[in-house]
Amino acid sequence: MENKQIADFFVRIADLLEIQGENPFRIRSYRNAGRILADMPDSLDEMVRSGRNLQDISGIGSGISKKIVEIVETGRLKFLDEQMAKVPSRLPQLLRVEGLGPKKIKLFYDKLGIDSLDKLERAAKAGELRDLDGMGAKSEEKILKGIQNVRRGLGRFKLDVGLSYAQALVEYLKNVKGVKRLETSGSARRRRETVGDLDILAICDKNSPIMGKFTSYEGVEEVIASGETKSSVRLTCGLQVDVRVLERGSFGSGLQYFTGSKAHNIALRSRANERGLKLSEYGVFEISTGKKVAGREEKDVYKALGLPLIPPELREDRGEIEAAEKGTLPKLIELSDMRGDLHTHTRASDGKNTIGEMAEAGKKLGYEYIAITDHSKAVRIANGLDEERLAKQLREIDKVNSSLSGFRVLKGVEVDILADGSLDLSDEILKECEVVIAAVHSRFGMEEKEMTERIICALENPNVNVLAHPTGRLILAREPYKVGLKEVIRAAVDNNVCLEINAHPDRLDLRDVDAQMAKEMGAKISISTDAHSKVHLDLMKYGIFTAGRAWLEAKHVVNTLALSGLLKSIGNGK
DNA sequence: GCCGTTTTCGGCCCGACTGTTTTCAGTCG
């Protein structure tokens with residue numbers, strides 16, 4: 001069973017216990033476990049079967065580890081069944097309605113028998129909710145809006161989408177009178193692959209009209225809250241945006257606080273408490289005296305807790321606090337470390353530009369090289385190249401190179417891994433290439449064992465240098481295919497094949513935690529854009545974001561190397 | 001339910017905003 005599915009058992013338990021008004025800390029443990037397990041790169045299924053001690057995972061104790069074993073061995077969990085029997089089956093869905101929590105849901109059910117979204121909507125429309133304790137006409141209205149949003153399926157947005165809205169808003173707010181500083185925080189600042197909302201922080205003069213300007217921004221569909229220090233709106237696209245005004249003296253602690261993650265902050269606050277300190281968005285305070293000891297700059301906040309500044313990308317409570325304490329934080333890779341792009345397309349297959357145009361664009365970015373890697377013939381819809389057309393393409397690359405100085409176009413191809421694990425082009429022509437990228441573009445529905453063998457078979461071909469988008473997922477659109485990633489990584493290491501972090505914001509594949517695992521297993525990583533036009537070469541930054549979240553340094557990534565080092569490292573002629 | 005170089009028991013992050021309230025509970029991040 002997939003980790004994600006196992007994690008879901010615990011999220012559901014948390015929801016069910018919450019509605020029953022259980023101990024909130026117990027609920028947090030389950031919710032926490034759900035988060036940790038969903039993010040884990042190692043297969044729990046495998047860990048259980050090989051008898052590994054699950055309690056080694058921080059946040060997993062004896063209770064939950066027993067439950068994981070039960071889930072893996074039987075596919076079910078008695079405890080979850082018991083909880084489900086106590087709560088009407090559709091009640092947890094109501095938690096998705098904004099502004100509706102467990103207490104209200106329980107109240108509605110106890111008093112009015114409401115156990116579904118439809119019944120809730122009917123009751124709200126009929127004005128039956130307003131007579132209940134703590135309810136009124138306004139709460140009914142809010143609930144109706146919340147129901148609408150659930151039905152519209154609003155959820156998370158891809159990082160590039162979130163960042164573009166954030167940038168537009170910052171540009172707009174920058175020009176408001178009295179605004180001194182603006183900063184985007186939250187998951188966008190941590191560069192998560194998706195963002196649920198935007199948190200924009202501001203410093204401004206006392207009587208700046210920032211909040212009024214913000215809530216009247218043209219893209220605002222609905223004002224959810226508007227106060228002096230916090231306002232919250234929903235844009236027409238469905239994205240929620242919060243703006244918070246902070247005092248100059250607590251901007252650092254505010255930035256720290258609103259950047260999160262929640263789990264990182266909780267861990268940090270516990271650490272503060274251990275040291276007789278209290279951490280909030282207003283600063284770090286001595287508990288005994290109430291004296292403020294930090295808050296102006298983010299690095300001061302960490303310093304007050306005995307830590308160096310932790311990069312936002314790492315703030316997920318995945319060991320970064322311990323690493324900071326020991327002084328072993330990585331020096332994260334930066335965009336300026338990149339010397340080239342190893343995965344690009346031209347008009348020969350489904351790209352928009354010529355070899356020369358791609359080269360020129362790459363050179364402009366300060367690169368030393370790019371590899372042209374068009375599709376192979378199996379990808380008919382992309383006009384993939386057969387041996388003959390590829391041979392012609394390689395000669396054209398030679399021609400382009402002869403007209404360039406200080407820059408090199410590498411001869412490459414993105415060759416399809418066929419269903420049986422063989423490659424779509426002959427070894428003879430692959431030998432002519434300097435960068436052979438292998439990729440799966442078909443038969444995504446295979447069983448895991450079959451898919452794993454298929455990919456490993458391709459990695460064993462001595463001509464293959466890179467495995468492109470190793471899991472095939474499209475963020476928010478397509479689940480990854482089933483594959484034994486650990487075995488694939490091991491085969492990549494054994495055969496000196498690089499694993500790609502595909503930088504396209506639709507893919508980001510390998511994802512952060514998997515890339516981190518690959519690094520730890522000793523795999524080489526490449527970061528490339530899969531550009532289908534010259535403007536796509538700019539997407540490299542998203543790959544760098546993901547690499548940062550994977551704790552990667554420049555030395556782990558092959559295309560930070562100069563040309564000769566690169567060719568040697570990827571084992572050309574291995 | 002998890003966790004522990006002060007603890008195997010007794011803690012567990014902290015504050016803003018809303019809508020309903022004359023002092024606060026619920027929800028959110």
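Quick note on labels: first sequence line is chain A, next is B, and so on, each numbered from 1.
Contact annotation: A:Arg244 side-chain N/O to B:dC17 OP1/OP2 distance is not under 4.0 Å. For B:dC12, neither phosphate oxygen OP1 nor OP2 lies less than 4.0 angstrom from any side-chain nitrogen or oxygen of A:Asn32. The side chain of A:Arg26 contributes an N or O atom lying less than 4.0 Å from OP1 or OP2 of B:dG1.
With B:dC13, B:dG29, B:dA16 as the choices, the nucleotide that has an atom nearest any side-chain atom of A:Tyr282 turns out to be B:dA16. Set against B:dT27, B:dG1, B:dG29, the side chain of A:Lys104 has B:dT27 as its closest nucleotide. Here the side chain of A:Phe25 is nearest to one of B:dC13, B:dC14, B:dG29, namely B:dC13. Closest to the A:Glu281 side chain, of the nucleotides B:dC13, B:dC2, B:dA16, is B:dA16. Of the candidates B:dA16, B:dC2, B:dC14, B:dA16 carries the atom nearest the A:Thr229 side chain, counting heavy atoms from C-beta on.
Side chains of A:Thr289 and A:Glu286: a donor-acceptor N/O pair is present below 3.5 angstrom, by distance only.
For B:dT8, there is no paired base (Watson-Crick or G-U wobble, both distances below 3.5 Å).
Spacing of C1' atoms, B:dT7 relative to B:dC12, comes out at 13 Å, to the nearest Å. Between B:dG15 and B:dG10, the distance separating the two C1' atoms is 24 Å to the nearest Å.
Rounded to a whole Å, the CD1 atom of A:Ile57 is 16 Å from the C1' atom of B:dC3. A:Arg31 has its CZ atom 16 Å from the C1' atom of B:dC2, to the nearest Å. Taking atom NZ of residue A:Lys106 and atom P of nucleotide B:dA25, one finds them 17 Å apart after rounding to whole Å.
Relative orientation of the A:Tyr302 and A:His264 rings is tilted, given thresholds of 30° and 60° on the angle between their planes.
When heavy atoms are screened at a 4.0 angstrom cut-off, A:Lys103 is found touching the sugar-phosphate backbone but no base atom. Residue contacts shown for A:Lys67 are limited to sugar-phosphate atoms, with no base heavy atom under 4.0 Å away. Looking at heavy-atom distances under 4.0 Å, A:Ile60 makes contact with sugar-phosphate atoms alone, never a base. Within the 4.0 angstrom heavy-atom criterion, no nucleotide atom of any strand lies near A:Pro24. Within 4.0 Å of A:Ser62, counting heavy atoms only, lie sugar-phosphate atoms of the nucleic acid but no base atom. Using a 4.0 Å heavy-atom criterion, one finds that A:Leu100 contacts the sugar-phosphate atoms exclusively.
A cation-pi arrangement, defined by a distance under 6.0 Å to the six-membered ring centre and an angle within 45 degrees of its axis, is absent between A:Lys213 and A:Tyr172.
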For nucleotides 18-23 of chain B, which of its nitrogen or oxygen atoms have a protein nitrogen or oxygen under 3.5 Å away, and what is each distance?
| residue | atom | partner | partner atom | Å |
| --- | --- | --- | --- | --- |
| B:dT18 | OP1 | A:Ser226 | N | 2.7 |
| B:dG19 | O3' | A:Ser139 | OG | 3.1 |
| B:dT20 | OP1 | A:Gly136 | N | 2.4 |
| B:dT20 | OP1 | A:Gly136 | O | 3.1 |
| B:dT20 | OP1 | A:Ala137 | N | 3.4 |
| B:dT20 | OP1 | A:Ser139 | N | 3.4 |
| B:dT20 | OP1 | A:Ser139 | OG | 2.6 |

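Among A:Ile114, A:Asp110, A:Leu95, the one residue that satisfies the side chain to side chain contact (heavy atoms under 4.5 Å, CB included) test with A:Ile105 is A:Leu95.
The number of heavy-atom neighbours closer than 6.0 Å to NZ of A:Lys482, taken from other residues, nucleotides and ligands shown, is 12 or below.
Every residue two or more places apart in sequence or in another chain that forms a side chain to side chain donor-acceptor pair (under 3.5 Å) with A:Arg76 is listed here: A:Asp81.
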